[in-house]
Each structure stands twice: as C-alpha cells, then as structure tokens.
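What follows is a short report on a single structure.
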Amino acid sequence: MDQPADTHDVGSGTSQPSKAWLLPLLAFLFAAVLYIPSIEYGFTIDDPLVTDLNPQVSADDGGWWRCLDTTLYAGTPQAKKSGNLYRPALTLSLVMDYRLGDHRFQPARFHLTNILLYALCAAVASLVVSHLLRGRVKRAGLATWAVSMTFIAFPGHLESVCNVKHREEILALLFGLLAWREVLAHNGRMSWSLVVLTSFLFLCALASKESTILLLPCMVLWEWRQGVARPRRWAWAIGCLAATAIYLGMRYHALGALLSPSGTHHFYSPALDTVSRVSLASTTYLRFYVWDQLIGLQLNPFFSSPFVVSHTGPALALDAFALLSLMASAVGFLIWFWRTGSVFAFAGVFVIVNSAVTLHIVPMGTAGAFRLMFAPSFGMCLLLGGILVTRKQAWLGLALVPILVVYTAVTWTRMPIWSDNASVMSHAAKANPEDPLASFAAAQAYGVQGDDERRSSCYRAAFERFERFKDERARFDERWLFSYAFSMTEVAHSRIASAPSEALTLANRAIQLFLEVESLRGRDENPAVLGPMYVKAATLKEMGRKTEAIAACEEGLSIGPHRGLQAIRAELQEK
C-alpha cells in the first residue's frame, strides 16, 4: 500500500506555488527539444487526406465550418471508406495552420504545431501526475518527475507526434487532462463557472477523438474512491455527461449514425462474433501494444496488417488465454485500488480501461496502430515511472535511469522513420517480414521519389510475400488482390528480356487477378489491367510472336487508351 508522505489537502494547490510550474515548464521544454527534428518532415500516410486533399481545410470562403457537420475526410477519396471519423477539433486546428501559413500547406508549420501541442500535453500531464501523487506516496516530487520524463520519451508516441493527421490523439488527451486537472485541483469544490469550463474542455476532447469518453469512468472512479463528501462534488461529472450528449448529437447529425455509417470499411470478417473478435484483439494487444511497445520497443508503424493476427477467426486457445489474462488483470487492479487506494493500482485500471478501443468490443474500423495507445500510455508511464522511485529499495529507483536513456535514444534515433512514406513503409516491411502490403506501399513511395532500384526491389519483395499466401484465398480481399496483381505486373515487366516465358505467364495471371478486382468493385472496367496487357504485348513482341502481340494490343486498347500499347502496335504494323 502506498504510504502518504503528509496530510495536507491534496487538492488545495497551496504548497510552494512559486515552484509549482517548474516541472511543467521543464516537461514542455524537454518534449519540444526531443521532437524538434520532426519539423523538417513531410506529409506521410494519411496526412494528405487532412491537408492538401481536404476541401474543409483549404476552403477560403469560410466553408471550413462544415467540419462541424461533416466527416473528417468529407470531399476526399477516403470519404466513404472512413466515414466513421468525426474530428471537428482536429480539422479546426489544421485550418488554423493553413491560414497562418499564408493559405499554403507548409509541412513545417503543421509539424511545429504538433510539437508544441505535444509539449503542452506533457506539461499538463505532469500537473495531473503531481495531483495524483502528492500526499499519497513517498518521494512524490521525484516520482512526478520520473513519470513525466518517461511519458515524454515514450517511443510509442512517435506516430502521434510525427504524423499530422494523428494530432487527434494529442488533442484528445490534452483536453481530457486539462478537464481532469480542474477536477483534481479543486477536489470537487468547484464553482459553476469551473464546472462549465471542465465540461467544455471535455467536449473539446471528444471533438478531437471519441475514445476520450473512456477517460470519464477513470475520473469518476478516482473521485469516488477518495470518499470525501463535498457540495456539488459531482456537478463536474454531470457536466461531462452533458458534454458527451452534445457530442453524440453532433456526431449523429454529421454521420447519420452514432458509430459507423453504412459502407465504412472494417478489418473484420462480418461472420466474426464479438467474443472471437475481442479474443483475437487481446492477443494483438499483449503482443504488440504491451510487449513490443513497452518492453521490446520493436516499433512497427504498419502493424495493423492482417498478418499480425488473423481477423477472420476463429479464436484460438492462446487468444482465449490472452482475453482471460486481461480480464483478470482488470479485476485485480480494480480490487487492489478499491481496497488500498494505491495510485499504481489506479494506473493499471487506467491503462486497461483506456485500452478498450484496441480490444474492439465495438468494431469501429481500425485494426491496430500504436497511436491508439497514446492515452493508455499515460497510465503505463504512471505505473512504470512512479512505482520504481517510490519503493524502499534505492536500487529499484535507479533502474529508471537506463530506462529513460533507452526510451530517449530510441525515440530520437527512430524519429526519421516518419520523415516520408518510403521510410515508414520500409521500416514496416522490415519489422513485419510476412507483410506484403508494407512492401507494396514502400515500392509506391520509392516510385514517387524516383528511386527505381528500391522501387523494383520492394515490388519483388511484395510479390514473393504474396506468393507465400496465394493458396489462402480467404485473405485476398479487393485491396490484397489489387496489390498482388500490381506487384506481379511489375515483376513480369522486369523479366521481359531475361525470362520472357515467365513474364508472359505472370502477365496472364495478373490480368485474371485484375478481372477479379473488377468483379469485387462491381465495375466493368479497370484501367490497371492495361499494365499486364502491355507486359503481355511487349513480351510477345520480344519473343517474335508478332500476330499475337498485335492482338494483345488490340485487346488492351479496347479497354482504354495506353501509350505503350499504341506504340507497340504502331511499331509492329509498320514492320
């Protein structure tokens, strides 16, 4: 049980006010300095969908206010597929970056805002930790410093800070902690103006990302356990519930649904039942979110691939064991906290409750990403950093020093992974050697950069990985088939001169795969099929089969215009 260091009112906020802002200031500076290299990075992954391609952000006529009643990706190619994303606070922050940047999309300005928001979030986090620990544990000041530094250097935050779109995670936790800090600072003795302020901050957190709702039960649990009756003690909770109702009304107005509108893409088989889905996600949680992110530090920014864990079911015994382990941990931490009031038991409860979004009890459409652990990581760091420096054994506290050094070094050295798409996808492909989609995406990114050697290498890697799973056709949805066929086409093209027979076989296979994609999409034509058509014609030409090559050109041109096919046909007809 945590032993109190003194008996003063934890919420009074009267002890040494002149030094109260020293740690938050240091936390702000450390976070800003640590991530300042990312200011030179470009837009990666989904960033263009919330910047260049987003009409809500670039609307100069004031139309950006439509973000209040439209989805995040409204007006972009991703609008229907990700129609469950409602992030008005994120969009408004991006509009500010755009307008302050002379109505231009300057990546440096957007990244600078991310850095400053993260630094501010770190400062507020240190204030919340101070309120949680003060008077309840020994060496509370040192523990607050340890938790704050651990949170700032936590390598799992790279994705949220270095990716502009994932600013939503920072905003959600920032506003959520600001609301919580008001509750902690006044220990329930809040005026109505403070209740309104707290409720507004919580609404801003929800408007940044709906998963902030998971913070509310943790706040209520903490206050309930303190057991001190105060006038209007629960007015703030009622206000936050009212803010939640307002947010849900805004979301329903914008989306036409409280969760996911029809047509939203999901990473799960429709036939997968809830227990199997949560069991499968539990294995992913323990293996990647906890082990790799907290201990192994084997960061994989693209680990949402189906290769992480099968999302088609059924759940295996290992998955059931993972689910039971998480449930037992949740119950254990809850009982420990309720019986002792331990801050560290509460930290465990906080982690598991706020991790519910990763367990997909309600399938919102995201299979997995480290950014989903941004909020839960606050509890992880409270548990890790705090418990080490408050134990009686001095050597245990010293163990935090190498942890901080390693975390800082990993964060610093792996930050360049997020500098551009090619770096992100290449790292993802190495981190998960079975994943063909990361290699395929890396090939496309290198193509944009004009690096043909790496582009070809990545397409070969993607093709070889797809080939290993070609007999497991249940895996191949539209995206898989398209990527497989495209990679196959690229490999076939590279073998026209060296292995024409093999190139012709691959080209014919790719044509059939693209026809399957057409069928899945419900369309009568697919321009991508012209790629293997061209390879087929070029290979037949290389093999001296003139008539067949011309016929292949005619077949391809009947689908759509293609300069390569036209050139081959003209050359052969002249001969």
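Note that the structure is a prediction, hence the values are computed from the model and not measured. Every heavy atom of this structure was used, including side-chain atoms; hydrogens, water molecules and symmetry mates were not. Residue numbers run from 1 in the order of the sequence given.
Using modelled atom types, one side-chain atom of Asn421 and one backbone atom of Ile45 make a donor-acceptor pair closer than 3.5 Å. Using a distance-only test at 3.5 Å, with no hydrogens or angles considered, a donor-acceptor pair links the side chain of Asn508 to the main chain of Leu504. Side-chain N or O atoms of Ser558 include one that pairs as donor or acceptor with a backbone N or O of Glu555 at under 3.5 Å. Between the side chain of Gln298 and the backbone N or O of Asp292 there is no donor-acceptor pair closer than 3.5 Å. A distance-only check finds no donor-acceptor pair linking the side chain of Asp46 to the backbone of Leu49 [under 3.5 Å]. Asp52 places no side-chain N or O within 3.5 Å of a backbone atom of Pro48 that could act as its donor or acceptor partner. A donor-acceptor pair under 3.5 Å is absent between the side-chain atoms of His562 and the main chain of Gly556, judged by distance alone. Formation of a donor-acceptor pair under 3.5 Å by the Ser456 side chain with backbone atoms of Glu453 is not found in this model. Looking at Asn114, its side chain does come within 3.5 Å of a backbone N or O of Val161 through a donor-acceptor pair. Side chain of Tyr86 to backbone of Glu210: no donor-acceptor contact under 3.5 angstrom is found.
Salt bridge Lys541/Glu571: present, at least one basic N to carboxylate O contact under 4.0 Å.
Shortest non-hydrogen contact noted between Tyr41 and Pro107 is O-CB, 3.4 Å. A pairwise comparison of heavy atoms in Leu158 and Arg414 identifies CD1-CB, 3.9 Å as the closest pair.
Aromatic rings from Tyr98 and Phe110 are positioned such that their centres are separated by 6.0 Å or more. Phe514 has its ring centre less than 6.0 Å from the ring centre of Phe482.
The ring-ring contact (aromatic ring centres under 6.0 Å, His included) test applied to Tyr118 returns Tyr35, His157, not counting sequence neighbours. In this structure, the salt bridge (Lys or Arg N to Asp or Glu O under 4.0 Å) partners of Arg167, at least two apart in sequence or on a different chain, are Asp97. Residues passing the side-chain hydrogen bond (donor to acceptor under 3.5 Å, both in side chains) test with Ser38, sequence neighbours excluded: none.
Distance CZ/Phe370 to OG/Ser160: 11.0 Å, rounded to 0.5 Å. Between atom CD1 of residue Ile115 and atom CD1 of residue Ile36 there is a gap of 4.5 Å, rounded to the nearest 0.5 Å. A distance of 7.5 Å separates CG in Asn163 from NE2 in His111, rounded to the nearest 0.5 Å.
Heavy atoms of other residues, nucleotides or ligands lying less than 6.0 angstrom from CZ of Arg468 number more than 12. Under a cut-off of 6.0 angstrom, the local environment of CZ in Arg454 is sparse, with at most 12 non-hydrogen atoms contributed by other residues, nucleotides or ligands.
Just one residue in the list Phe440, Tyr459, Trp480 forms a ring-ring contact (aromatic ring centres under 6.0 Å, His included) with Phe466, and that residue is Trp480. Put simply, the residue from Glu159, Lys209, His166 that forms a side chain to side chain contact (heavy atoms under 4.5 Å, CB included) with Leu372 is Lys209.
With 3.5 Å as the limit, one finds no donor-acceptor pair spanning the side chains of Glu40 and Ser419. Tyr289 and Ser355 share no side-chain donor-acceptor pair at under 3.5 Å. With 3.5 Å as the limit, one finds a donor-acceptor pair spanning the side chains of Ser439 and Arg465.
Residue pairs meeting the side chain to side chain donor-acceptor pair (under 3.5 Å) criterion with at least one member in residues 481-493, sequence neighbours excluded, are Arg455-Glu490, Glu467-Tyr484, Tyr484-Arg509. Residue pairs meeting the side chain to side chain donor-acceptor pair (under 3.5 Å) criterion with at least one member in residues 403-413: none, sequence neighbours excluded.
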Report all side-chain donor-acceptor pairs from residues 495-503 shorter than 3.5 Å, counting only partners two or more places apart or in another chain.
| from | atom 1 | to | atom 2 | distance (Å) |
| --- | --- | --- | --- | --- |
| Arg495 | NH1 | Glu502 | OE2 | 2.2 |

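At a threshold of 4.5 Å between non-hydrogen side-chain atoms, the residues Lys546 and Leu540 do not count as touching.
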Inset, instruction - Please lay out, stage by stage, how Trp291 and Leu286 fare under the test side-chain contact (heavy atoms from CB on, under 4.5 Å). - result: CA-CA 6 Å; Trp291 180 262; Leu286 292 177; over 6 Å; no

